[in-house]
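Report on one structure; see the data block that follows.
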2 protein chains.
Amino acid sequence: MTGVVDREARSTAEQPDPCDLIRSVLARVGDKWTVVVMDELRDGPRRFNELRRLVSPITQRMLTSTLRGLESDGLATRTVHPTVPPQVEYALTDSGRALLTIVKSVATWADTHLDTVYAARATLKGPKS
Amino acid sequence: MTGVVDREARSTAEQPDPCDLIRSVLARVGDKWTVVVMDELRDGPRRFNELRRLVSPITQRMLTSTLRGLESDGLATRTVHPTVPPQVEYALTDSGRALLTIVKSVATWADTHLDTVYAARATLKGPKS
DNA sequence: CTGGATCCATGTTGATACTG
DNA sequence: CAGTATCAACATGGATCCAG
């Protein structure tokens, strides 16, 4: 990532390392469920089981852990409504929304370069030896 | 990813599923080494052990596997020079370069939202109970 | 309804040694 | 130089059961 983020620029609040953060973000959007969940939050807040249904075959454990991940990076918020039965709403933050936009540009990239990718994969499989 | 890629649009060459491809790309850039390696290829071709040194504590096994991954998605090329000792050069393709650009926008995002992320992480750790 | 806790199968990574 | 092969450590995800 040289040249992308000035590692020594920010004066005092020198947290771990910007590069680590970048990697952790990439790892997060690279995991199995995060992006799908974020995408389901694009139109507004969703409740836990609502997401569970929308994201189809995700397990509770994974949904919980995915949401905790989003929350812990400030990409989504968790709002508990003290009703009975309990209701919990999740919503994207502005940060999350901004990141989702970037992720969608990856989707666009994929769409644009479909041929390249499949061609490359096919070549490695069996170019007729 | 609803709305990003029209799942049914492309007529005949219906490979697996664009969504799968998107996920596989996200997973690739989300892994530990891919982006770092790509970034080292940004200024031109590099040889195997050259990359090995540049990417510091990467193991041969991981470098090989990372490069194979890039190659298999058409993000980088592998050129063998039949000299002795053998020389192998890796270079980004145009696709790879385009993807790297997008990834760098994630880096920019991270830089912009540093505060949000760290604040969220700190909040989850110990908001003074 | 929301989610914590546990167990377990599987995949991924690193260390190390060996090869054309 | 540029890999491959093997094995062990670890992380990840799913299934299941329990609880506020």
Side-chain angles (χ1 to χ4, degrees), chain A residues 20 23-38 40-41 44-73 75-91 123-125, chain B residues 19-20 23-38 40-41 44-73 76-92 123-125 129:
Chain A
D20 286 357
R23 278 230 50 263
S24 72
V25 170
L26 286 171
R28 194 172 297 292
V29 301
D31 81 23
K32 196 170 179 180
W33 301 110
T34 297
V35 172
V36 188
V37 171
M38 287 180 74
E40 291 301 340
L41 291 173
R46 297 284 187 186
R47 290 177 43 202
F48 188 86
N49 276 347
E50 197 174 1
L51 285 171
R52 189 150 154 50
R53 280 187 302 274
L54 289 167
V55 187
S56 62
I58 194 175
T59 61
Q60 297 167 329
R61 197 174 96 76
M62 279 303 97
L63 180 54
T64 300
S65 129
T66 300
L67 289 168
R68 293 285 177 278
L70 290 173
E71 198 189 351
S72 83
D73 281 358
L75 301 174
T77 57
R78 176 175 181 273
T79 311
V80 182
H81 296 88
T83 61
V84 40
Q87 282 198 349
V88 182
E89 275 192 342
Y90 294 89
T123 301
L124 289 208
K125 295 275 183 178
Chain B
C19 232
D20 287 356
R23 278 229 50 262
S24 73
V25 170
L26 286 170
R28 194 173 297 293
V29 302
D31 81 24
K32 195 171 180 181
W33 301 110
T34 296
V35 172
V36 188
V37 170
M38 287 180 74
E40 291 301 342
L41 291 174
R46 297 283 187 186
R47 292 176 42 200
F48 187 86
N49 277 344
E50 198 175 359
L51 285 171
R52 188 151 153 51
R53 280 187 299 274
L54 289 166
V55 187
S56 60
I58 194 176
T59 61
Q60 307 148 332
R61 200 175 94 74
M62 280 303 98
L63 180 54
T64 300
S65 127
T66 300
L67 289 168
R68 292 285 179 279
L70 290 173
E71 198 189 352
S72 83
D73 280 358
T77 58
R78 175 174 182 274
T79 311
V80 182
H81 295 90
T83 61
V84 39
Q87 284 199 348
V88 181
E89 275 192 342
Y90 294 90
L92 283 185
T123 301
L124 290 208
K125 294 277 183 174
S129 108

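A note on names: the letters A, B, ... follow the listed sequences, proteins ahead of strands, and every chain is numbered from 1.
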Separation of dG3(D) C1' from R52(B) CZ (nearest whole Å):
11 Å
Across the strands shown, which category fits R78(B) at heavy-atom distances under 4.0 angstrom: base, sugar-phosphate, nothing?
sugar-phosphate
Between OG1 of T59(A) and CH2 of W33(A), what distance do you get to the nearest 0.5 Å?
7.5 Å
Can you tell me how far CG of D31(A) sits from OG1 of T34(A), rounded to the nearest 0.5 angstrom?
3.0 Å
Side-chain N or O of R68(A) less than 4.0 angstrom from OP1 or OP2 on dG3(C)?
yes
Quick check: on DNA chain D, is the nucleotide nearest R53(B) upstream (toward 5') of the one nearest T64(B), or the reverse? Name the residue that is more 5'.
R53(B)
Base, backbone or nothing for each nucleotide of nucleotides 13-20 of chain C, written B, S, -, heavy atoms under 4.0 angstrom, 5' to 3'?
BBBBB--B
Does a side-chain N or O from Y90(A) land closer than 4.0 Å to OP1 or OP2 of dC1(C), or not?
no
Shortest non-hydrogen contact from G30(A) to R23(B)?
O-NH2, 3.5 Å
Could you please spell out the steps behind the side-chain contact (heavy atoms from CB on, under 4.5 Å) verdict for T66(B) and L51(B)?
CA-CA 11 Å; T66(B) 300; L51(B) 285 171; over 6 Å; no
Would you kindly give the CZ-to-P distance between R46(A) and dT2(C), to the nearest whole Å?
13 Å
Residue pair Y90(A), R78(A): steps toward the side chain to side chain donor-acceptor pair (under 3.5 Å) verdict
CA-CA 5 Å; Y90(A) 294 89; R78(A) 176 175 181 273; 3.2 Å; yes
In whole Å, I'd like the distance from the CG atom of L63(A) to the C1' atom of dA15(D).
16 Å
State, to 0.1 Å, how close V35(A) and V29(A) come at their nearest heavy-atom pair, and which atoms those are.
CG2-O, 3.3 Å
